[in-house]
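All values below were derived from every heavy atom in this structure, side-chain atoms included, with hydrogens, water molecules and symmetry-related copies excluded. Computed from a prediction, not measured in an experiment: that's the story for all the values here.
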Amino acid sequence: MPNLIFLLEHYGILIVFGIVLVEQLGLPIPAFPILVVAGALSVDGDMNGALVLAAGLTACLISDLAWFRAGRHFGKRILRLLCRISLSPDYCVSQTEDKFKRWGPKALIVSKFVPGFNTIAAPMSGAMGTPASRFFLYAGLGGLLWCGTGILVGVIFHASVERVLDLLSTMGSTALLVLATLLGLFLLYKYLERRRFRQALQVERISITELLDLIEQGHEPLLVDARSATAQSLEPAVPGALFFNGKEPVPALIGLDKDRHIVVYCSCPNDVTAAQVAKLLNEHGFHRAKPLHGGLDAWNAVYRSDQPAPAGLLNEGLAS
């Protein structure tokens, strides 16, 4: 830490490139502050602002293109993987899929400013078949805007930033401990946020075996598809399932027997969206509504999407 300014002045471009790259690849390391610091140092010529911008933009494009290719190759699976490893709440995918579909690749221009959205924008582009040229254009504009904003903030507040750097450089190893503590507190906060979210959605699940038993016993369970419209377009629904994309139960459920078995499924990590919808249905009196453990993957492991649903599952007059 006594040589903090020296390191930034002599290796700042590499530091900016490395931190931005790993942050954009998904590691929980805040990169925006390093852009601010680099912008502040560029005012007095300690760093080259143009090279800083180029380094940050290059790191963004490398990461975005990697996720874009992963989304093109693996489709929906890569989105589920991102939310499993993310420190953000698991609903990050379900909240942003339809936003991306509404705005299209243009959403990439502002995606880096939106927590969660940045996580899935690039792989979503690949999964939805966005042309590589359009993706590169909008991803480049988004990276340029994000990096440029960080550098500009540093330029505007360079006096304050440099005072902080001077203070840190005089604190020796204590400064390193402070920075490590702040990073640790950030990670702890994200972990607790995710844990609270999961605990709020603690609801009894139903396994695929239990669902098949209900069907064989003639209970005619009703399946509800709680995925986003985008997810529904990427992967076929269970034949006969009702689509649920709103905050209120679909009209077809209004006159339904409250004692009927309702099984809600999604394709999100930990069945989060399905659990949300099942809790909502419970609040409306459907006390037998449960999320399907494993979601659509569990169903597809038993029945392929091109196979008809088993007898006793389709609900004539309710399917949509």
Tell me which donor-acceptor pairs under 3.5 Å the side chains of residues 16-42 have, and how far apart each pair is, sequence neighbours excluded?
| unit_1 | atom_1 | unit_2 | atom_2 | d |
| --- | --- | --- | --- | --- |
| Q24 | OE1 | K112 | NZ | 2.7 |
| S42 | OG | G39 | O | 2.6 |

So, using side-chain contact (heavy atoms from CB on, under 4.5 Å) as the criterion, who are the partners of [X] when residues are at least two apart?
| X | result |
| --- | --- |
| E210 | I206, S207 |
| L144 | L53, L57 |
| L51 | I13, N48 |
| F136 | L61, L65 |

Pairs meeting criterion salt bridge (charged side-chain N to carboxylate O under 4.0 Å, His left out) with involvement of residues 132-151, two or more places apart: none

Atom pair CD/CG of E220 and D257 - distance to nearest 0.5 Å: 11.5 Å

Set of ring-ring contact (aromatic ring centres under 6.0 Å, His included) partners for H261, sequence neighbours left out: H219

CA sep, side-chain torsions, deciding dist, call: L212, V302, side-chain contact (heavy atoms from CB on, under 4.5 Å): CA-CA 10 Å; L212 296 179; V302 179; 3.9 Å; yes

Heavy-atom closest pair, residues C147 and C60: SG-SG, 3.9 Å

Distance-minimising heavy-atom pair for A132 and F68: CA-CZ, 4.0 Å

Neighbour count >12 (heavy atoms, 6.0 Å) for atom CZ, R72: yes

Side chain to side chain donor-acceptor pair (under 3.5 Å): pairs with one or both residues in residues 143-152, sequence neighbours excluded: none

Sub-4.5 Å side-chain heavy-atom contact between F135 and S125: yes

Any K290 side-chain heavy atom under 4.5 Å of I262 side chain: no

Counterpart residues, side chain to side chain donor-acceptor pair (under 3.5 Å), relative to D259 (two or more places apart): H287

